[in-house]
Structures are given as structure tokens and as C-alpha cells.
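Quick note on labels: first sequence line is chain A, next is B, and so on, each numbered from 1.
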Amino acid sequence: MKTSLENHKIPGTIIFDGQRAIDGYALNKMCFSFNSAENRAAFLSDPDAYCRKFNLTDKQREAVKSRDVLGLLESGGHIYYLAKWGGIIGLGVQDLGAQQTGMTVEEFKAMLARGGAH
Amino acid sequence: MKTSLENHKIPGTIIFDGQRAIDGYALNKMCFSFNSAENRAAFLSDPDAYCRKFNLTDKQREAVKSRDVLGLLESGGHIYYLAKWGGIIGLGVQDLGAQQTGMTVEEFKAMLARGGAH
Amino acid sequence: MATIVGGIATSHIPTIGKAIGKGWCNEPEWKPFFDSYKPVHAWLEKVRPDVAVVVYNDHGLNFFLNNMPTFAVGAAARYDNSDEGWGLNVVPPFAGYPEFSWGLIESMVADEFDITSCQEMLVDHGFTVAMGLLWPKEKGPCPVRTVPISVNTVQSPLPSPARCYKLGRALGKAIEAFDEDLRVVVVGTGGLSHQLDGTRAGFVNKDFDLLCMEKIVTDPEALTDYSIPDLIRLTGAQGVEVIQWLVMRGALTGQVSKVHSRYHGVISNTSAAVMVLENSCADERHAREHVLQEHL
Amino acid sequence: MATIVGGIATSHIPTIGKAIGKGWCNEPEWKPFFDSYKPVHAWLEKVRPDVAVVVYNDHGLNFFLNNMPTFAVGAAARYDNSDEGWGLNVVPPFAGYPEFSWGLIESMVADEFDITSCQEMLVDHGFTVAMGLLWPKEKGPCPVRTVPISVNTVQSPLPSPARCYKLGRALGKAIEAFDEDLRVVVVGTGGLSHQLDGTRAGFVNKDFDLLCMEKIVTDPEALTDYSIPDLIRLTGAQGVEVIQWLVMRGALTGQVSKVHSRYHGVISNTSAAVMVLENSCADERHAREHVLQEHL
Ligand SMILES: [Fe+3]
Ligand SMILES: [Fe+3]
């Protein structure tokens, strides 16, 4: 599939286009379920079983296990849904940002305090 | 509220416009639940309790009890959702049509066989 | 590039679904009806589409009033049918084609249609009865992948006939822009005249049905002059489903040839009809596009 | 007839919602930010709107990918907030105004916007944080009824800036056509520049933010020349939320006066800003409509 956005690749972001939506549907559906406290508790009590219940791919389950945000984005996760997963495991948007940019959280926050990345 | 369709009143039909949608939301939500066999059984075991669970108005509960199709349409039911309720209580679209037009089912079917109403 | 081989318009009356499920197609009462789909099958065997884009309306299986789209396009790998509540048999799932769906959605959104995308979507009798008529299970596994497009015929305001026709034009352009060598048939389901609600229940308008069947071939723009209230008055409150025929027709080129057409009279409460339109080449579309633009 | 008193653009950063919930508005770190909403409150007390139409984006509370609208308009009597999964306090419900919502939906569908109508709809921080900033609970019960309008910023393809601006124009026309003596404020929430995903996470573009804040007043059409990929590049993947500002601006007349404007720099990961635009009279809109038509 050639999408119009693939003709506009933008360095440093991962456009959530049709192909990513296809790849990530199960992962995003799992993360969407985290709007419910009951589901968050179920995930925490056995994360891998919860991932299997939603039919995540091996790669996605591995990325969940290793908290690999870029890996989850590449395999179709949308950042809005992934943020719900992040919330459960104690990763806020600045922790997610730090990890993706290879900074410590302090470095990432300091960078934002200086007006952000350019 | 003045809707554009109220300026186009059409004799013999009941346009499902915004005002009817407002009036009928609970009723339609109840009927939509009848896509599930379990919910259909719950309705049949105690219809009025099921109506109350969905917060139908007194008028709507009365119309459900007396199987008053025109009354249900007037109070905001949509025919597609009401058809699901009809299915439960053994009223197909021709039974519904007969009731609304004041015919027997045989008369209504015969009218359709002659090419329908005009 | 993908090619549109043509369009099919067909009723989707639940009773037909029941007859299919019961295997009644050779019963005397049903044989003339089902036989009238034989030329459709012959044409489909000739043109061999890879994909069917099926424009229909959901009757309260997948969509509810809490989130009711005007135009919803399926983008799933598989579409399940499900219990509609009043006893129609549930049929096996249909194959989707999400990459193609996304190609269509991208193009239509770029053309300023405000599409709802559905990566999971139950298809009701508006879709399944048409599929069962066009590709009967007796003839083997269904040879096409599908893209369901659901048009709001539940909650007023409905999209106007003119808007539906324009959606069809954007759909045709989107299909032809898809960068794979595919053969695509566009199906519009629903109608013709009928009304289920109110004191005019049982309303049928054969004259208007025949007019629609004529104009849809030769002069579809004439049908876009009707408003939704016009259509309700002329074809019945549920007869407005004919707007799906207009989406189908819009996806074809300006000139089409009528391969097959049959008006059946009333089945259950509804005028039943089927038509097959063969598409002219895409160049024809582009030549006509300008003229259409002025008309609408 | 209803009158549009003006428009407000504001960020809706979750951290602000947290600060509101904790009552931090007089903490040294937060006071300058919250104080910058005092001129907004003064203006609202002057113009006394009856209704707020709030154009925002859902971040995965109410809408999921199985049924993802481009433009969704609330038509409920009450809008509940709910647990978003990552710890923001749930705030009390907001009053809706379904009759007004239907007036807007009817008019916008007649103008060929393919609206999704929502008779039940959870509103997330994109809506609630803005409401909490504009009508703080300390000042008493919220004096406005609301119509939430959610714009798809999740699933590509997103509606283009030009399409969003046109939606705004149709919205403005719809509001003014509503046959009751109402005072309406249109709120656009979101932005400005920020990016949460990818190796460019933490991206901020103050220059572009300031450009947006200038152009939204004097020359909003200039912003409609950007494509979505342009915006992603210039304002960050999530900075595209500025399309909601464009919907708001489209609903106002051609000429507006800037009552208040403040750029705050980065809060959490996002450039925060607030603006108040007072609307010119409706006649102004109609005079400009023709010119806009040619531009777009
Ligand atoms: Fe139908
Ligand atoms: Fe946001």
C-alpha cells in the first residue's frame, strides 16, 4: 500500500497511517481497554497473559515486556493509546519522551525547560 | 426546535429527526440491546422490569405493554430498532404494518400483493 | 491501477436472506426471483472482479445512535455478520482488504469527505443478503474481498442524494487511483420503494421505482435533484435506501451500458429489483467530470 | 437568532487538569499561567454566553478505531467525563443542549459535512481541561450549556486544515441560523506545538506557534495552505491539534478583534497558549463569505 503520507515521511515521528493501524489494531485495542481500572489490574497481575488475550504478536509482547516505546510505535501502537499503558507501569509522557530520545528523564525535562527540541 | 424536516412534514410517516431522537433515546437503546439473545430472554421474562431498567417513560412503557407501534414511533422509537422488539414478541414487519394501517394482517398482505399502498 | 468493471444495484430484503438460508431458490414462489440473478452471475463470471465495494445501510446491528456516522468505510481484514435480533440466520464472515480500504479512505478524505473509518465492523442483512444473491454459496467460496461502506439512513439528517452521488464520484476516483492491478465491482444495495413505519406503511411506488431504474443508467444527475423529503414522499420512508444506488452509480463513468435489469414487484413489503451496469473506460469519467461539476 | 459573541483558543494539557484538580492555581509555579486566564474570565463575564461549542479532539476515551469519525458532534443532554487510564481526576458532568446540537447538525449536513452524531459521548481532557480553565469551579456552577465537537487527530488521514476551516464556516452559519435568542462562544482547544512520539519527542516550535497566533487573528486563510504533513513537520505530530483552532476561527466572522492573547512557553511537553477573539457582526461574515469561497 502506498499512502499519501508515506510520500511525506517526516523524520523523528511515526505517522499512524493505515498500515500502522492494521499492524497495531490488537495492541491499541488492548491499550484502549485500560480506560477501565479493572482491566488495568488484570494487566498488572499477569501482563503477558493479558497481551495474549488480545492476540498481540510476539514482537509486540516482547516490546511490552521490555517497555520499548519505539518498538511499540513501529509495530502499530498509537501514542494516545500507549500513554494509557505507560500510565499503568508508571511512565508519564516525559518518561516516554526521555526513552525515545535516549535521554535521562532529567535531561529530557531540562531540554523542555529550555524550550524543547527543534 | 425547528428542524428542516419539520418544514417538510410527510403524511403517513414519522421522520426520525433530532427531537424524536431525543425523546426516544432510551427506548431505542433498549431495542438495540435485543441484538443479544440473552437480553431478549431478559425482556421476555419481565418486560416491564426490563423497560424500567432502560428508564423508559411511562408512556413508552405503556405503549410497549399494549404493543402500540404508532405510539412507540410517536414517542421516539425508530422502526429499525422497534423491529427488533417486534421480533421478540412475534410481530414481523407485516404485522407491524397491519397494525399501523388498521388492517388485518391478511388484508395488509393482500394489499401488498396488489402492489402496495399508494 | 485498479479498474472498475461495473456496478450492481440490488435489493437486500431480509425475506430474501431467509429464502437463501432455507435453500428455497427452486421453490415455485421464489424461482423467478432467483433466476433473475443468473445473468448477474454470468456477468460476474465474465468480468471476474477481485474486490467488491458494497455500499449499504446498517439497520441497527453495528451502529447505534451514540456514534452514528454519515458515511462509514470498513477497514478490517474480516467482516462478521451477527444476530440482528429477529431470527435471520447468521452467515459466515466475509474477507476484507484493509490496504485497499485505507487507499479509498485516504483519497476520499483528501477530497473532503468526512469518513468514519471502521477497523472492526459487523455487517447486517443490508450487506449479507446482497452478497448471498451475487455470490451464492452453492457456487463455491466467495471469490471477492470486500469493502463495506455504510450510509446513514437511520438518523435524520441523512446525506442528500447529491452528496451521495458526489461520494460515489470520489469513490470511483479513489478506486482508480489505487496502485494495484485489481478488478473492482461496486455494489449498491437497498430499496426500492417501501415504508415500514406510520399510517402509510406498505407504501409502494412502482412508477417511481421504474423511473429510478431508468435514470440511474442514463441520467443519474436527475436523481440528485431530489431532496431527502422528496424521496421519502416518493419512495417511502425506507425507500430512501436508493441513495446507496446513487453512490454506486457515482463511482462509475458518465456512460455505462445496462447489462441486465429486472423489476420484480413487491417482496415482503418492498419493491425488489436488480441491475447490472458495465463501466466505460476511465477516460470517459475524466471527460465527464467537468460537466458533472457544473451540474451539482 | 443566535449570536456568536466570539471565540477562545486554549491549550488542554493534562498537567493543567492535574493542577486544577489539586487547587494549585496560586502556587508560584502555576500562578502566572492561571492569572493569564483572568482577562478571559472578565471577557466571559462581559459577553455572558449561554452556550459553548467546544471543538476538541478525543485522545482515546470515547472513540476507538472500530468507529473513528472525522467530525463528531455531541447531541446529548449531559456529557460525562470518565477515567482516561493514567490518573487524571474525573470531573462532574457538563450540561448539553441537544435541540441546539441538532440544529447545528442539520445545517452542517445540509452544507455537505458528513457529521457523526453522538447522543451519548464521554468527554476527555481535551474538553474538560479547557472548560475548567474558562469556567473554574471556584466561580460557581458552570453557566453555559455545551456542544462538544471532536475532530479526528488520531487516525491518519486527518481532515486538512482547509477542511477544518470550512467546517468552522459551516458551524458559524449553523449557529447564526438557529432560531433562538442565544449568545454562543466557540472554543477551540489543543496545541500548540508538541510531539509525544518518536525520536523527535519533545519537539517545540515557538516561532511557528507565534505565527499561528498571529495568523489566526488576521489571516486564518494563510493557515489553510498547510497540509497535515506540513503541520506535523512544523508543529509536531500532536501539534496538529491546532486544526481545532481553525474550526473555531472559521466560525467567526472575517474580521475579529483580539481581546487577549498569551503565549506561555512549554508546560509539560507542550507550548501553552490562550487567546480571546471578539466576533464582528454577522453581516461582516456574509460579505466575506464570497471572498473566502474564492480562496479555498
Ligand atoms: Fe433495508
Ligand atoms: Fe491533546
Side-chain angles (χ1 to χ4, degrees), chain C residues 58 61-76 79-80 98 101-122 149-152 154-167 169-170 174 224 227-229 243 247 296, chain D residues 58 61-76 79-80 98 101-122 149-152 154-167 169-170 174 224 227-229 243 247 296:
Chain C
D58 180 82
L61 177 66
N62 191 67
F63 298 104
F64 185 60
L65 303 171
N66 65 325
N67 192 357
M68 179 58 75
T70 295
F71 297 130
V73 179
Y79 301 99
D80 288 333
S101 291
W102 285 114
L104 302 186
I105 294 167
E106 290 222 346
S107 180
M108 290 191 285
V109 170
D111 280 343
E112 306 208 330
F113 289 85
D114 312 312
I115 299 299
T116 288
S117 61
C118 299
Q119 292 177 59
E120 205 166 344
M121 190 177 181
L122 297 172
I149 300 184
S150 176
V151 175
N152 169 30
V154 175
Q155 174 68 63
S156 173
L158 312 186
S160 69
R163 183 67 177 167
C164 290
Y165 189 65
K166 289 180 196 173
L167 178 77
R169 282 163 51 208
T224 66
S227 67
I228 289 291
I243 56 180
V247 178
L296 289 171
Chain D
D58 180 82
L61 177 65
N62 191 66
F63 298 104
F64 185 60
L65 304 171
N66 66 325
N67 191 356
M68 179 59 74
T70 295
F71 298 130
V73 178
Y79 300 100
D80 288 334
S101 291
W102 284 114
L104 303 186
I105 294 166
E106 290 222 344
S107 180
M108 291 191 285
V109 170
D111 279 344
E112 306 207 333
F113 290 83
D114 312 312
I115 300 299
T116 288
S117 61
C118 299
Q119 291 177 61
E120 204 166 343
M121 188 179 184
L122 297 172
I149 300 184
S150 177
V151 175
N152 169 31
V154 175
Q155 174 68 64
S156 175
L158 313 185
S160 69
R163 183 65 176 167
C164 290
Y165 189 65
K166 288 181 197 173
L167 178 77
R169 280 163 52 208
T224 65
S227 67
I228 289 291
I243 56 181
V247 178
L296 291 172

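- The shortest distance between side-chain heavy atoms of C/Pro157 and D/Trp102 falls below 4.5 Å.
- At least one side-chain heavy atom of C/Ser160 sits less than 4.5 Å from a side-chain heavy atom of D/Glu112.
- Using a 4.5 Å cut-off on side-chain heavy atoms (C-beta onward), C/Pro69 and D/Thr116 make contact.
- In this structure, D/Asp114 CG and C/Asp114 CG are separated by 4.5 Å, a value rounded to the nearest 0.5 Å.
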Yes or no on side chain to side chain contact (heavy atoms under 4.5 Å, CB included) for D/Arg163 and C/Phe113, after CA distance, side-chain angles and deciding distance?
-> CA-CA 9 Å; D/Arg163 183 65 176 167; C/Phe113 289 85; over 6 Å; no
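- Neither the backbone nor the side chain of D/Met121 comes within contact range of chain C; no heavy atoms are under 4.5 Å apart.
- In this structure, the portion of D/Phe63 lying under 4.5 Å from any heavy atom of chain C is its side chain and not its backbone.
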Step by step, work out the side chain to side chain contact (heavy atoms under 4.5 Å, CB included) result for C/Cys118 and D/Met68.
-> CA-CA 6 Å; C/Cys118 299; D/Met68 179 59 74; over 6 Å; no
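- Residues D/Gln119 and C/Leu65 form a side-chain contact, since some pair of their non-hydrogen atoms from C-beta on lies under 4.5 Å apart.
- The contact between D/Ser117 and chain C is made by backbone and side chain atoms together, counting heavy-atom distances below 4.5 Å.
- Heavy-atom pairs under 4.5 Å with chain D were tallied for C/Asn67, C/Val109, C/Thr70; the largest tally goes to C/Asn67.
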